[in-house]
Amino acid sequence: MSNPADTATTVGKINPDVLAFTEGKDPVLDLALAEVDCLGTAAHVTMLTRMAFKPTLFTPEQRNAVVAALADIIAEARRGDFSITAADQDVHLAVERRLTERLGDLGKKVHTCRSRNDQVAVDIRLHIRNELNALRIELADLAADLLALAQKHPRVPLVGRTHLQPAMPSSVAMWASAYAEMLLDDDYLLQAAAKVNNLCPLGSAAGYGVPLPIDRQLTSDLLAFDRPHHNVFYASCARGKDEAVLLSACSQVMLSLSRLAEDLILFSMPEFRYFTLPRDLCTGSSIMPQKYNPDVLELIRAKAALLIGQATAASTILKAMPGGYNRDLQDTKELYMEGLRTTRTSLRIMRLMAQNLTVNPEACRAAFAEPGVFATDRALELVASGMPFRDAYHQVRDHLEDLRGMDPDAVIAQKTHLGGTNGLDLPLLRARADTLRAEASAAQAKAAAAFAALLQPIV
Ligand code: ARG
């Protein structure tokens, strides 16, 4: 390159506009990866130290010096003191620069047998693992809050709706625990995302492996992955797909939250008044003094759209991308980071709603004044006394007024079958939330223990 404005970087001179365009938001986004980048390097250098190869790449003392420097960078990053310069381009080169500044030639050796593609792939997986465990715990907590709401109002009838029209008697407990169960089932998708994520790409290097006898199982074990990706070319192709799968699972969580939000908006309208939203979670109007608006719930609806967009964008980036590393992948980074952040914030804000929602039993019961909602139950009563269903259906339809005065409490008490208004197994759902929380916490603890061990000196 002959452009006098070329900027010197670790990997050569680059036109500044090109540098700005290609690095994009990496100098900022990659700050979230600083700690895991150091851990990935610690595992890699530990493996190189253990490698049966002459000449020795790292003695244990040299490895310990590198790891000590990495531990300092981690501490700096935690304090918010670590920065990535434009010339660094990304966290990987920033860490290598810091190591070389401090350790000289030793710092220059850490990149032996690996590429940045390797590094970014492993960083993202470690970052996602950490975030996803936290997200799963937040999801379990919200499910538990909804179950507590159900438990608090075990026998309050609620008009059940189809097409938004009154359909059949339901209950507050049925409504709240349905969303808890929906979220718990969404966790199956998060579990799948976690499983696909917890595989180690390290050792893929530029995507085709290296001619030295690296121990890929060891780096995978040191970082507490379930196992390494087998085929190193596949390992490089798996980037992006991991993020797309994660976003797709998160978008399902957001869809659940969005539908819950929509119900809450509707049922807290003055015309319904089944629920009252906590005042301090509503916002006012600058002109209308009487207003308490459900902005939080409206934003959750909007954020579900954002997640669907992010999941779609990540998949679309991959769609026609050839095998191997392509820079397109860099743009999946912001998508997955934003998507995780949005999903986690939404879960936490929805917990505040679930914990502080007021249920108005008298308004819930008053909604049964319109008798049609009892029609199906009445028809099935007639069936129980021997009438064919279609005859019962017509008889009830011709005499809807006769249903006036039916007792919704009695009707919801009659549905004793599995999952009916009087057959809800809330303890079973609570046990599922507890199991999920315990699983995600154990995964977090396992990763934390592995990282702590990795940063210890070796002999
Ligand atoms: N910031 C880059 C990314 O996210 C790091 C990998 C760069 N690799 C390369 N071959 N240019 O993809």
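Just so you know, ligand 1 is whichever comes first in the structure, and atom 1 is the first atom listed for that ligand.
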Would you call E338-R341 a salt bridge at under 4.0 Å N-O? yes

Do you see a donor-acceptor pair shorter than 3.5 Å between the side chains of N117 and S236? no

Output the list of atoms in ligand 1 that are nearer than 4.0 Å to some heavy atom of V120, sorted by atom number. 4 (O)

Assess whether a salt bridge exists between D72 and R102, defined as any Lys/Arg side-chain N lying under 4.0 Å from an Asp/Glu carboxylate O. yes

Flag for R430-Q151: side-chain donor and acceptor within less than 3.5 Å: yes

Which atoms of ligand 1 sit under 4.0 Å from any heavy atom of R327? 11 (N)

If you measure from the Lys or Arg side-chain nitrogens to the Asp or Glu carboxylate oxygens, is any gap between R351 and E138 under 4.0 Å? no

Best match, T332, D328, L29, N117: closest heavy atom to atom 8 (N) of ligand 1: N117

Which residue supplies the protein heavy atom nearest to atom 2 (C) of ligand 1, what is that atom called, and how far is it? Q330 OE1, 3.3 Å

Report yes or no: does L329 have a heavy atom closer than 4.0 Å to ligand 1? no

Would you mind running through ligand 1 and noting each atom that sits below 4.0 Å from a heavy atom of K333? 1 (N), 4 (O)

Would you please indicate if the ring centroids of Y274 and W175 are separated by under 6.0 Å? no

A student comparing Q89, H92, R239, Q119 should find that the heavy atom closest to atom 4 (O) of ligand 1 comes from R239

Please state whether the rings of H229 and Y234 are parallel, tilted or perpendicular, taking 30° and 60° as the class boundaries. perpendicular

Distance to 0.1 Å, residue and atom name: give those for the protein heavy atom nearest to atom 12 (O) of ligand 1. Y325 OH, 2.4 Å

Can you find a side-chain donor-acceptor pair between N133 and Q444 that sits under 3.5 Å? no

Take every heavy atom of E23, measure it against each atom of ligand 1, and state whether any distance is under 4.0 Å. no

Check each atom of ligand 1 against the heavy atoms of D26 and keep those under 4.0 Å away; list them by number with element. 1 (N), 2 (C), 4 (O)

Ligand 1 atoms nearer than 4.0 angstrom to some heavy atom of D90 are 1 (N), 5 (C)

